[in-house]
2 protein chains.
Amino acid sequence: MIEPSPPGTKERMLDAAERLFAERGFAATSLRAITAAAGVNLAAVNYHFHSKEALLAAVFARRLGPLNRQRLELLAQARSRAGRRSPPLEEILEAFLAPAFRLHRDLAPAGPGFPSLMGRIYAEPGEHIRVILREQFGEIAARFTEALKEALPKLPPAELYWRIHFMIGAMAHTLAGSRALGLVAGGRCDPPDVEGTIRRLVVFLAAGLRAPAARRTRRSRTR
Amino acid sequence: MIEPSPPGTKERMLDAAERLFAERGFAATSLRAITAAAGVNLAAVNYHFHSKEALLAAVFARRLGPLNRQRLELLAQARSRAGRRSPPLEEILEAFLAPAFRLHRDLAPAGPGFPSLMGRIYAEPGEHIRVILREQFGEIAARFTEALKEALPKLPPAELYWRIHFMIGAMAHTLAGSRALGLVAGGRCDPPDVEGTIRRLVVFLAAGLRAPAARRTRRSRTR
DNA sequence: GTCTATATGGGGATAGAC
DNA sequence: GTCTATCCCCATATAGAC
């Protein structure tokens, strides 16, 4: 569905890198492990890509291009449905969140590699990763921040920025498919239910974003 | 305030490890870098701790013991204030969140090492880390899940588990002090304002947790 | 484009003197 | 408890044959 043709060397390496980076983290994954999993020679990684870092960048570029295009398209659809008003907050959130989560399903045979990697990447240090994030998310962040501002005109901008930060945290952690869920739920949640996850996250985030801004005055700290 | 006596070799190593693990990630940080930063000999790490993984576990154990005790104490205080009723949702959230964020301030001279590390650790793969998380957070997760259930009696348990998951994601991402904030806010948020951050996060999460559970029926997916 | 072989450096861990 | 010196392995990257 995504790529029906038999994968060549380059694609097999991207697939393997995507999966192993997601499973073990960037620094902990060796090029040897990747080339072995892909069934290609070790030297191929330096022929097709330049370096390990460039391989990571290629992994991201391959998915995030289409993914971000889909996000913007869903946002545009929501805008055209809304006419001159702001689209409903829920539709903005869904346009942002759903494409990432649906990769879980659409890439099912290849495993949950990329979404999990995308969820983790926000937490990984390293300069190259910062660069990848800025390049891939800059426009998306600007467009959705603008849409959220219109949908929440009464929220002070600083408050909105914080809440977007919280939102990204919730999204990333959920995408990462973290073990932490098992800590608390004992297996009672259902990770494969992608649409349910999106819906739950949208409901949660919409309510959080709509909350009245915190007032300055609360009881003084005792500690 | 936390440790007035001059730090010995072991403490200096824990300090350096905490900071470097937070800045560079576990796998990307060498023991050589840690011992150099601490001003101790390389071999000391294998004398005082057993291995690199055991050093990481020691870093966590040193902070999470007091931190989790403080969380339970704040929860107990909220319970006693509330009498026979459930404590307000906001106070439960604050009991859970505030101790972690206040380390940012209380450990200020040593830098934001541990909170940032704690925020990132949820996203790091690796079996040892999973073990650390389970041992350090098991009781906390159980106690706070119970308190949240009482405060939100109408919320189906499965929904609550998901929302706790979202909550941990927002907390972790915020603790990690992520670069992503800069992406969206352009420096208009104020990370050092710890109490403000706690307040904002509590307001956001309380609203999300209180949202009516999502209904099954929404418009059918077009894609 | 793909392979073998290797250069070059760094990693964690440890032995054994002091 | 702390040091030096070293073991042994694995990392990324590249050279050069096919």
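- With sequence neighbours left out, the side chain to side chain donor-acceptor pair (under 3.5 Å) criterion links B:Arg12 to no other residue.
- Ring to ring, B:His173 and A:His173 are not that close: their centroids are 6.0 angstrom or more apart.
- Rounding to whole angstrom units, NE2 of residue B:His48 and P of C:dG12 are separated by 17 Å.
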For this session: Do nucleotides 13-18 of chain D as a string where each nucleotide becomes B, S or -: B if the base has a protein heavy atom under 4.0 Å, S if just the sugar-phosphate does, - if no protein is that close.
Result: BB----
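- For residues 32-77 of chain B, the ring pair (Phe, Tyr, Trp, His ring centres under 6.0 Å) pairs, not counting sequence neighbours, are B:Phe60-B:Phe114.
- One finds no side-chain N or O of A:Thr9 lying less than 4.0 angstrom from the OP1 or OP2 phosphate oxygen of C:dG1.
- To the nearest angstrom, P of C:dG11 lies 14 Å from CZ of B:Phe26.
- Using a 4.0 Å heavy-atom cutoff across all strands shown, A:Thr29 reaches sugar-phosphate atoms only and no base atom.
- Taking only side-chain nitrogens and oxygens, B:Ser30 comes nearer than 4.0 Å to OP1 or OP2 of C:dG11.
- Here B:Glu53 pairs with nothing under the side chain to side chain donor-acceptor pair (under 3.5 Å) rule; sequence neighbours left out.
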Show me the donor-acceptor pairs, under 3.5 Å and distance only, between side chains in residues 24-40 of chain B and residues at least two apart or in other chains.
residue: B:Thr29; atom: OG1; partner: B:Leu20; partner atom: O; Å: 3.3
residue: B:Thr29; atom: OG1; partner: B:Gly25; partner atom: O; Å: 2.6
residue: B:Ser30; atom: OG; partner: B:Ala33; partner atom: N; Å: 3.0
residue: B:Thr35; atom: OG1; partner: B:Leu31; partner atom: O; Å: 2.9
residue: B:Thr35; atom: OG1; partner: B:Arg32; partner atom: O; Å: 3.1

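- Here C:dT14 presents its P atom at 15 Å from CG of B:Asn41, a figure rounded to the nearest Å.
- One atom, CZ of A:Arg12, and another, C1' of C:dT2, lie 12 Å apart when rounded to the nearest Å.
- Remark: A:Glu73 pairs with A:Gln77 by the side chain to side chain contact (heavy atoms under 4.5 Å, CB included) rule, at least two apart or across chains.
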